[in-house]
Amino acid sequence: MRRAGGQGVYAPFLAGNARALDSGAKAFGVDTYGEQASYLNRAYPERSAGMIRERIARPLSGVERTEVGGWLRPTDSVRHSRHNLET
């Protein structure tokens, strides 16, 4: 999902959610369509992003992997590193 000007809407949510999970916070705030909003953290967005990372790790060409990696980069966090150790 993208807003006018090319800035992502969902990426900031994913990044905020990942930070909340990393810190153990139950909620986080993020700018959504120009308004500050608060959300409860959820494990599934980070889990889904991890599943996508795993799925695209091998079958894509180098150019495709770079492009899709750019889509997922805002959610990369210490949690992503821990996720690789846990699985």
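Only heavy atoms go into these numbers, but all of them, side chains included; no hydrogens, no water, no symmetry mates. Residue indices begin at 1 and follow the sequence shown.
- The structure places CD of Glu46 at 7.5 Å from CG of Asp22, a figure rounded to the nearest 0.5 Å.
- With rounding to the nearest 0.5 Å, the separation of CG in Asn41 from CZ in Phe28 is 7.0 Å.
- In this structure, the side chain to side chain contact (heavy atoms under 4.5 Å, CB included) partners of Ala25, at least two apart in sequence or on a different chain, are Ala20, Ser23.
- For Ser61, the side chain to side chain contact (heavy atoms under 4.5 Å, CB included) criterion is met by Val63, Glu64, not counting sequence neighbours.
- By the neighbour-count criterion of 12 heavy atoms within 6.0 Å, atom CD of Gln36 is densely surrounded, having more than that number from other residues, nucleotides or ligands.
- Legend: residues meeting side chain to side chain contact (heavy atoms under 4.5 Å, CB included) with Glu67, ordered by chain and number and at least two apart, are Trp71.
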*asked:* Using the rule given for side chain to side chain contact (heavy atoms under 4.5 Å, CB included), can you reason through Phe13 versus Thr32, listing the C-alpha separation, both sets of side-chain angles and the distance that settles it, and then say yes or no?
replied: CA-CA 8 Å; Phe13 170 86; Thr32 305; over 6 Å; no

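- Looking at Asn17, its side chain does come within 3.5 Å of a backbone N or O of Arg42 through a donor-acceptor pair.
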